[in-house]
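Because the structure is a prediction, the values reported are computed rather than measured. In what follows, every chain begins at residue 1, and chains take the letters A, B, ... in the order their sequences are listed.
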Amino acid sequence: MVYIVPWDDFVERCVQLFRASPQNTRYVMKYRHSDGKLVLKVTDDKECLKFKTDQAQDAKKMEKLNNIFFTLMARGPETDITEVTGKEQTAQPAKRGRGRKQ
Amino acid sequence: MVRLQLDPFLNELTSMFEHTTEKGSVWVTLKHSSDKSKVQRNKITTAGKELEYKCLVRATDGKKNISTLVGTKDHQRFQASYATILKARMTSLKKREKKDKRKAADVVVDKKLPKTTKAMDVDKKQQVPVKRSSTANP
């Protein structure tokens, strides 16, 4: 199993993997409260990237990665993700107004 | 595999985290999916229509399996709720210990001194009395 240590490398490679094969790539998260461990895995069943941690700060980073993946998966792999804020720049069709900030 | 709506899914996920506090794990899987079989997908693409993709979210505690589909319109809301659940539940991860110790040392040493790099702190501890006396006597 390929454990990647630098967080930014992990994120970059995960996004690349997803963009290369959006149909087959999945993002798995495993959390064990009893051990205080978090493991992330992104795989397309050919290549596997993993990241493990026991640090609270990494949970915050993981949230950003979650946002990236939700955006990519719900909208499409071609969506432009602006560096982790999860806000895309691609023109989206007008959504029903929910009183969102502009 | 139980397919739920968004909010029931989030509720079930929360209860999974509650049950696995002492032992056990929670797995959450995200996948880009159109929720249609290959045959259906081919039919749709050959008809020239665009396939609608969603995000399939699955969760399990080793015994129970639940899943839900998050569409384009719902993903922001789901993402926010999901983040809240994780933040509230992932409490057993360690905080940064080394940085806290260093911060405590810095606070003790340089209250009056201007900002310095951490490498200089060791020297500062020795120089502090010397510097104070020089500033006290103009």
Side-chain angles (χ1 to χ4, degrees), chain A residues 14 17-19 21-45 52-79 85-88 90 92-96 98 100-101, chain B residues 6 13 16-34 36 38 41 50-62 68-100:
Chain A
C14 287
L17 194 62
F18 177 72
R19 287 203 158 126
S21 41
Q23 294 295 340
N24 299 325
T25 308
R26 63 181 185 276
Y27 164 58
V28 186
M29 177 205 76
K30 173 172 133 177
Y31 175 67
R32 278 186 67 85
H33 196 283
S34 48
D35 297 339
K37 288 220 164 84
L38 176 69
V39 181
L40 307 177
K41 173 163 89 170
V42 178
T43 177
D44 66 349
D45 297 327
K52 63 179 171 183
T53 184
D54 55 357
Q55 300 292 323
Q57 49 165 325
D58 290 326
K60 291 182 196 168
K61 293 182 190 168
M62 181 201 69
E63 265 172 59
K64 292 181 183 170
L65 184 62
N66 285 343
N67 289 351
I68 292 177
F69 271 118
F70 271 118
T71 312
L72 282 174
M73 291 179 175
R75 299 205 176 179
E78 304 307 314
T79 317
T85 55
K87 292 175 189 166
E88 315 80 39
T90 51
Q92 291 290 328
K95 290 186 178 182
R96 278 184 298 165
R98 277 194 190 184
R100 284 173 127 201
K101 297 181 227 175
Chain B
L6 291 188
L13 181 64
M16 273 187 188
F17 272 106
E18 283 165 14
H19 291 143
T20 56
T21 315
E22 292 304 306
K23 70 171 190 181
S25 329
V26 179
W27 282 269
V28 181
T29 306
L30 258 57
K31 190 169 176 181
H32 175 64
S33 165
S34 65
K36 294 194 178 354
K38 201 166 187 182
R41 269 187 272 146
E50 228 181 84
L51 261 183
E52 194 193 326
Y53 280 103
K54 299 195 178 180
C55 182
L56 175 65
V57 189
R58 280 179 288 220
T60 179
D61 60 354
T68 189
L69 276 175
V70 182
T72 317
K73 293 176 187 172
D74 311 313
H75 95 272
Q76 300 269 18
R77 185 171 73 91
F78 185 82
Q79 169 177 313
S81 312
Y82 180 63
T84 313
I85 295 177
L86 293 188
K87 254 187 270 191
R89 290 283 144 194
M90 289 188 164
T91 48
S92 76
L93 296 174
K94 294 179 199 167
K95 312 278 166 154
R96 264 176 146 182
E97 290 172 9
K98 286 182 185 176
K99 217 192 179 187
D100 289 343

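Between A/Phe70 and B/Phe78, the two ring planes are perpendicular [angle over 60°; tilted spans 30° to 60°]. Taking the six-membered ring where tryptophan is involved, the planes of A/Tyr31 and A/His33 are perpendicular, since the angle between them exceeds 60° and thus also 30°.
Residues A/Met29 and A/Leu40 share a closest heavy-atom pair of CG-CD2, 3.6 Å.
For chain A, the option among B/Thr29, B/Thr60, B/Val70, B/Leu30 with the highest count of heavy-atom pairs below 4.5 Å is B/Leu30. Between chain A and the options B/Ser33, B/Cys55, B/Ser34, the largest number of non-hydrogen pairs under 4.5 Å is found for B/Cys55. With chain A as partner, the option from B/Val28, B/Leu69, B/Thr91 having the largest number of non-hydrogen pairs under 4.5 angstrom is B/Val28.
Contact of B/Thr20 with chain A is made through the backbone alone, with heavy-atom distances under 4.5 Å. Contact of A/Lys37 with chain B is made through the backbone alone, with heavy-atom distances under 4.5 Å.
Under 4.0 Å is where a charged nitrogen must lie from a carboxylate oxygen, and between B/Glu18 and B/Arg89 at least one such pair does.
Distance check: B/Gln79 CD to A/Glu63 CD gives 10.0 Å after rounding to the nearest 0.5 Å.
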